Amino acid sequence: MTLPQLNVARHDRDTDTLITLVGEIDLVTAPLVREVLGRCLYDGIHRIDVDLTAVTFCDASGLNAFLLASLLATDAGGTLRLHHPSRAMTRVLDITGSAFLLGQVRTTGEGMPQRQG
């Protein structure tokens, strides 16, 4: 049996961060997502952008991790936005009323998010 794998990269600039996730987010890997996002808030990050381009699967435990982190970020005066989800994940976000997590972003030359707006 092969266990799901998730790779995480974090790129900070001041109080902004870009989290890039690669792999599957499920019951096994969602705790890592919660830990990484929680660490960002603990470190004083106010804007968290999560790149989901290379996420191949995300179940309800992953969605729950994003919703919890969004709530905690909002309570701390910050934001969490998901970028480039798969069509299936976008549909789940729409159906569950969680589409507010989606944000439009383009990256700068340094790979950091820059809000469109």
Side-chain angles (χ1 to χ4, degrees):
M1 180 172 112
T2 304
L3 293 177
Q5 185 167 354
L6 182 68
N7 293 312
V8 179
R10 176 177 164 181
H11 307 280
D12 294 348
R13 183 172 22 165
D14 300 322
T15 60
D16 296 352
T17 195
L18 174 63
I19 302 294
T20 303
L21 303 175
V22 178
E24 298 180 7
I25 307 170
D26 61 13
L27 192 59
V28 173
T29 59
L32 174 60
V33 174
R34 282 193 304 273
E35 178 185 334
V36 167
L37 297 175
R39 173 56 61 183
C40 290
L41 296 170
Y42 180 82
D43 291 345
I45 298 295
H46 294 288
R47 188 173 79 188
I48 303 170
D49 289 294
V50 182
D51 182 357
L52 300 171
T53 303
V55 170
T56 57
F57 177 80
C58 182
D59 70 6
S61 58
L63 177 58
N64 187 46
F66 293 129
L67 290 169
L68 175 61
S70 177
L71 176 66
L72 293 172
T74 300
D75 286 350
T79 60
L80 176 128
R81 292 288 175 258
L82 305 179
H83 304 280
H84 313 294
S86 68
R87 275 194 250 193
M89 187 170 179
T90 300
R91 189 167 177 347
V92 169
L93 291 167
D94 286 338
I95 290 169
T96 61
S98 305
F100 66 89
L101 291 173
L102 295 174
Q104 295 299 318
V105 72
R106 59 189 164 93
T107 57
T108 65
E110 294 106 28
M112 290 301 296
Q114 180 179 345
R115 292 277 177 200
Q116 293 180 339

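These numbers were taken from a predicted model, which means no experiment stands behind them. Note that the numbering runs from 1 along the sequence shown for the chain.
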Exercise. With no hydrogens and no angle check, is any side-chain donor or acceptor of D14 less than 3.5 Å from a backbone partner on D16?
Worked result: no
Exercise answer: donor-acceptor pairs, residues 35-43 side-chain atoms, under 3.5 Å, sequence neighbours excluded:
unit_1, atom_1, unit_2, atom_2, d
D43, OD2, R10, NH1, 3.1
D43, OD2, R10, NH2, 3.1

For this session: Only counting residues at least two apart or in another chain, list the ones meeting side chain to side chain contact (heavy atoms under 4.5 Å, CB included) with T56.
Result: E24
Seminar exercise, completed: CG of D26 to CD of Q5, rounded to nearest 0.5 Å, is 11.5 Å
Exercise. Are V22 and L52 connected in a single hydrophobic cluster, I mean Ile/Leu/Val/Met/Phe/Trp/Tyr linked by side-chain heavy atoms less than 4.5 Å apart?
Worked result: no
For this session: Look at the side-chain heavy atoms of Ile, Leu, Val, Met, Phe, Trp and Tyr, link any pair under 4.5 Å apart, and say whether V33 and F57 land in one connected group.
Result: no
Problem set entry | Any side-chain heavy-atom pair of S98 and L63 under 4.5 Å | yes
Exercise. Considering only heavy atoms from C-beta outward, does the side chain of F100 approach that of L67 to under 4.5 Å?
Worked result: yes
For this session: Could you pull out all residues at least two apart from T74 that satisfy side-chain hydrogen bond (donor to acceptor under 3.5 Å, both in side chains)?
Result: none
Exercise. With A9, which residues qualify under side chain to side chain contact (heavy atoms under 4.5 Å, CB included), at least two apart?
Worked result: H11, T20
For this session: Identify, with sequence neighbours excluded, every residue that meets side chain to side chain contact (heavy atoms under 4.5 Å, CB included) alongside L27.
Result: S61
Seminar exercise, completed: For A30 and G62 the tightest heavy-atom approach is CB-N, 4.1 Å
Exercise. Roughly how far apart are T79 OG1 and H46 NE2, rounded to 0.5 Å?
Worked result: 10.5 Å
For this session: Could you tell me which residues satisfy side-chain hydrogen bond (donor to acceptor under 3.5 Å, both in side chains) with T15, sequence neighbours excluded, listed by chain and number?
Result: none
Problem set entry | Residues which pass side chain to side chain contact (heavy atoms under 4.5 Å, CB included) with N64, listed by chain and number, not counting sequence neighbours | none
Can you give the donor-acceptor pairs under 3.5 Å from side chains of residues 86-93 to other protein atoms, not counting sequence neighbours?
unit_1, atom_1, unit_2, atom_2, d
S86, OG, M89, N, 3.1
T90, OG1, S86, O, 3.0

Seminar exercise, completed: Which of I25, L6, L82 passes side chain to side chain contact (heavy atoms under 4.5 Å, CB included) with C58? Answer is I25
Exercise. Could you give the distance from CG (D49) to OG1 (T17), rounded to the nearest 0.5 Å?
Worked result: 8.5 Å
Exercise. At their closest point, which heavy atom of V50 faces which heavy atom of F66, and how far apart are they?
Worked result: CG1-CE2, 4.1 Å
For this session: State the CD1-CG distance between I45 and D12, to the nearest 0.5 angstrom.
Result: 4.0 Å
Exercise. Going from CG on N7 to CG on L21, what distance comes out if it is rounded to the nearest 0.5 angstrom?
Worked result: 9.5 Å
